[in-house]
Amino acid sequence: MQPTTEENNRNQPPPEKFTSSVETGSTCSSITASSSPTRPQQSASQGDVSCPDQKSSFSPHSGAASGECTSSIISNGQEDVEQVSEDINRYADSLADDDKSNPPEVPHTVEAFSKIIESRIDNYYSHSGETARKRVKKMTEEDAFFIEAVMRLSKLTNAFSEFPPSETLNRTSFVLQKAMAFLEEEMRFLLEDSKLPPPPDSVNPNTHHHHQQRIAKNSSFSSKDKDSSDHHRQSSSMNGDHNDGEDDFPGYSPDTVTKMNRIASAMISAGYEKECCQVYSISRRSIFNQQLKKLEYDKLNMDDVLRMSWESLETEIKRWLTIVKHCSKLLFPAEKQLGETVFAHHPSLSTSIFSNLARAVVIQFLDFAGAVSLTKRSAEKLFKFLDMYETLLDLIPSIITDDDCCEHELRSEVSAAAGRLGEAAINIFLDLENSIKNDVAKTAVPGGAVHPLTRYVLNYLKYACEYKGTLEKIFEKQAGLDQNHSLCDSRPAKYTKHEESEGESSPHNLEHEASTTRFSVQVVTVMDLLDANLEAKSLLYKDPSLRYIFLMNNGRYILQKAKGSTEIHQVMGDNWCRRRSTVVRQFHKNYQRESWVRLLHSLSHEGLIVNGKVNKPTLKERFKNFNTMLEEIHKLQSTWVVSDDQLRTELRLSVAAVVIPAYRSFLGKFRQYLDSSKQVEKYIKYQPEDIEALIEELFDGNPTSMGRRR
């Protein structure tokens with residue numbers, strides 16, 4: 001419901017005493033405020049419209065009388081313009097009770113009032129240059145009176161329109177139309193005088209920290225070790241890295257906004273709602289597009305997007321993310337607030353205007369998002385897709401209005417575009433299963449080191465788990481859409497024979513995990529597939545000891561990554577980590593059994609003593625066998641790789657704890673049975689400290705010359 005003219009008038013500041021000169025014929029006058037704030041004394045009784053020197057009721061004057069009164073206004077040089085305005089208002093109210101079948105009686109003041117308004121417009125157009133332009137940028141007392149006068153002229157014209165056509169109606173309608181054109185131009189000028197803030201630094205993706213972080217993320221999914229490049233995920237908040245001027249958007253002073261509000265109210269109350277909304281909408285859309293241009297936003301069609309290389313498309317996505325976030329956090333809220341202020345008395349208009357502007361901009365964003373979702377799927381696109389998905393959902397609150405129809409329609413379109421990106425992201429994530437299954441190697445990794453697939457998958461899962469909340473929502477929304485992936489029971493039937501032997505110690509018994517979301521189950525499924533793949537790859541090693549080193553290396557890497565990443569740890573849980581530790585310890589035990597049992601067997605006392613005497617040939621053979629096996633183990637296992645410092649130290653200590661005490665005991669008991677120092681030197685080649693030094697050289701990946709050790 002629109003406010004009445006009286007309600008609008010109550011919102012105006014009280015006008016001061018004005019001076020007016022009206023020249024007949026030329027219709028040129030000026031309106032200036034006097035310095036006196038006092039309210040003038042009313043010169044006529046209530047309801048009368050008077051010249052300064054005579055009284056008259058609302059009755060038509062003869063031509064002579066009218067001219068005489070007008071001349072009186074001219075000769076006096078000053079007229080109580082406020083009084084004239086109020087008299088016009090009372091006269092318009094009085095017309096409601098008149099007979100509408102006959103033209104009303106029109107006092108001379110109506111013509112004088114029309115000339116006052118017309119002279120104000122002519123006075124403006126008679127001035128040119130910057131001085132006139134600067135004068136209208138803020139709301140002055142003169143402007144306030146003029147707008148109030150126009151609103152009263154509108155009220156009078158509406159009242160006349162209920163009577164048969166007359167010259168007076170034509171005259172007031174003409175002046176009102178002239179005033180509306182003037183106010184429309186004023187509104188356009190005020191709108192176009194926006195001081196646009198500079199674009200954010202982050203619009204250039206090559207200079208923004210977020211860009212550097214995402215480069216590290218994407219580059220970590222290679223076959224090389226990129227652990228040193230791991231970064232915590234940071235949101236690309238629009239609150240940082242911006243120039244100070246951004247908060248000034250849309251760039252209008254409070255005085256300017258106040259003036260636009262008064263002009264809008266006057267035009268709408270006069271029935272020029274369409275013209276007012278049109279000039280406002282066109283100007284604001286133009287300025288908004290200028291701001292997008294400053295942000296280096298270029299509209300790309302679908303063919304352009306589909307033909308782009310990933311490197312080029314990634315740059316465009318980063319730019320898109322920055323601009324959409326800038327719109328959702330600053331531009332749209334500021335635009336909505338400006339409209340609500342300018343059209344404060346007409347909220348439905350501000351809602352409609354903002355909805356139309358937002359829709360025009362958002363549709364461009366959605367076109368790009370839709371094209372991106374149709375590009376060929378690849379693993380490196382997952383996180384950019386998820387960034388776009390989150391950004392679109394964050395955009396929705398900034399474009400919400402009270403227009404249920406438009407809001408529902410635009411919200412649905414944004415949600416649909418986000419849904420397509422989410423579906424594409426889920427398909428990319430599910431493709432990780434196929435990537436693992438199809439990674440069939442024919443050559444073993446040298447030295448039993450961590451396999452590149454292990455690094456790739458764990459880094460991938462680490463970053464995927466940073467989007468845990470988002471992915472869980474998408475998985476739930478997409479539940480049942482893809483029947484090719486059974487999320488709750490898609491892991492391999494059995495991990496390895498180690499799982500069968502370990503039973504409850506296996507890290508793959510999901511029934512004990514509290515986390516049962518589709519996403520968490522999918523993560524564990526990927527882990528299971530990776531374990532099965534690594535087990536198959538371990539069979540490429542002919543040496544059982546190296547096979548267990550390989551499994552131990554990869555198992556320890558997975559465990560440390562899970563413990564070191566809060567995101568993965570939350571998904572996998574403490575029980576999974578404990579069971580994973582048990583499996584890795586079992587690999588450790590299996591390695592010791594395969595590598596060192598035969599060596600320790602050569603130090604056995606069994607068969608050395610026959611009939612109470614030491615069998616010297618057997619003793620010599622035992623020492624000889626020990627030396628040979630030790631040298632072979634050292635030569636071979638010094639080339640093996642254990643990259644985890646803690647695991648490497650644990651292995652060396654565990655080997656030393658078994659081998660050195662057994663050798664020291666054997667040496668202390670049987671050394672005396674070698675006949676001469678020559679035999680001692682030949683068969684006892686290593687002291688316990690020498691063996692300890694050799695063990696310290698294991699798993700370095702660098703063979704050491706045995707000659708230097710002797």
Side-chain angles (χ1 to χ4, degrees), residues 199-203 205 208-211 213-214 217 232-242 246-247 249-250 288 291-292 295-297 314 316-337 354-355 357-373 381-403 406-426 428-429 463-478 519 567:
D201 293 337
S202 58
V203 76
H208 195 259
H209 172 71
H210 178 72
H211 170 68
Q213 180 212 355
R214 292 305 191 190
K217 174 179 290 188
H232 293 294
R233 178 182 174 217
Q234 300 176 359
S235 63
S236 55
S237 172
M238 298 307 298
N239 295 328
D241 299 330
H242 289 168
E246 282 187 39
D247 291 338
F249 184 85
F288 204 100
Q291 185 68 2
L292 291 180
L295 294 171
E296 301 179 15
Y297 177 73
E314 185 180 22
E316 292 300 327
I317 290 176
K318 290 170 184 174
R319 192 187 315 279
W320 182 92
L321 289 169
T322 299
I323 292 172
V324 175
K325 289 178 181 179
H326 190 57
C327 286
S328 64
K329 295 182 185 300
L330 176 62
L331 300 188
F332 281 149
E335 192 68 39
K336 185 190 298 184
Q337 183 178 10
F354 174 77
S355 295
L357 183 147
R359 178 177 178 77
V361 175
V362 170
I363 289 300
Q364 298 180 47
F365 296 155
L366 299 186
D367 288 344
F368 178 80
V372 170
S373 67
K381 295 181 180 180
L382 173 64
F383 304 107
K384 281 291 176 279
F385 280 28
L386 291 175
D387 285 338
M388 294 180 71
Y389 175 88
E390 293 177 342
T391 300
L392 284 179
L393 293 187
D394 292 340
L395 176 64
I396 292 176
S398 70
I399 59 176
I400 288 178
T401 64
D402 294 330
D403 190 334
C406 293
E407 176 190 338
H408 176 73
E409 182 180 354
L410 190 56
R411 180 199 289 263
S412 297
E413 292 187 47
V414 175
S415 298
R420 288 189 290 271
L421 284 168
E423 183 178 0
I426 288 298
I428 291 174
F429 187 68
Y463 290 118
C465 288
E466 290 182 8
Y467 293 86
K468 176 176 176 288
T470 300
L471 282 168
E472 285 181 345
K473 291 178 183 177
I474 300 175
F475 263 103
E476 293 304 321
K477 288 182 179 179
Q478 296 296 327
F519 171 68
E567 294 80 10

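Values below: all heavy atoms of this structure, side chains included; hydrogens, waters and symmetry mates excluded.
A perpendicular orientation is assigned to the rings of Phe429 and Phe475, their planes being inclined by more than 60° (bins at 30° and 60°).
Inter-residue side-chain proximity for Asp394 and Val324 is flagged as unmet; no heavy-atom pair is nearer than 4.5 Å.
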Query raised in the report: Can you check side chain to side chain contact (heavy atoms under 4.5 Å, CB included) on Glu466 and Phe383, steps first, answer last?
Result: CA-CA 10 Å; Glu466 290 182 8; Phe383 304 107; over 6 Å; no
Report task. Check step by step if side chain to side chain contact (heavy atoms under 4.5 Å, CB included) holds for Phe332 and Val361. Result -> CA-CA 10 Å; Phe332 281 149; Val361 175; 3.9 Å; yes
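Rounding to the nearest 0.5 Å places CD1 of Ile396 at 12.0 Å from OG1 of Thr391. Here the CD1-CD distance, from Ile474 to Glu423, works out to 10.5 Å after rounding to the nearest 0.5 Å. Between atom CG of residue Leu295 and atom OG1 of residue Thr322 there is a gap of 9.0 Å, rounded to the nearest 0.5 Å. The CG atom of Leu386 sits 5.0 Å away from the CG atom of Leu471 when rounded to the nearest 0.5 Å. One distance of note links CG of Leu410 with CG of Leu395; it measures 8.0 Å at 0.5 Å rounding. From Ile317, atom CD1 reaches atom CG of Asp387 across 9.0 Å, with rounding to the nearest 0.5 Å.
Ala424 meets the side-chain contact (heavy atoms from CB on, under 4.5 Å) test with Phe385; sequence neighbours excluded. For the side-chain contact (heavy atoms from CB on, under 4.5 Å) test, residues two or more places apart in sequence or in another chain that qualify with Leu366 are Val362, Ile363, Leu392, Glu413, Val414, Ala417. Qualifying side-chain contact (heavy atoms from CB on, under 4.5 Å) partners for Lys336, counting only residues two or more places apart in sequence or in other chains: Glu340, Phe354. Evaluation of the side-chain contact (heavy atoms from CB on, under 4.5 Å) rule for Ser373 yields Arg420, Leu421 as partners, not counting sequence neighbours. Not a single ring pair (Phe, Tyr, Trp, His ring centres under 6.0 Å) links Tyr389 to another residue, sequence neighbours left out.
Within 6.0 Å of CD in Glu476 there are more than 12 heavy atoms belonging to other residues, nucleotides or ligands.
Here the closest heavy-atom approach between residue Ser328 and residue Ser398 is recorded as O-CB, 3.2 Å. For the residue pair Cys327 and Leu292, the shortest heavy atom distance occurs at SG-CD2, 3.8 Å.
Of the candidates Trp320, Phe365, Phe288, Tyr297 forms a ring-ring contact (aromatic ring centres under 6.0 Å, His included) with just one, namely Phe365.
For the pair Glu296 and Arg319, the salt-bridge criterion is met [side-chain N within less than 4.0 Å of a carboxylate O].
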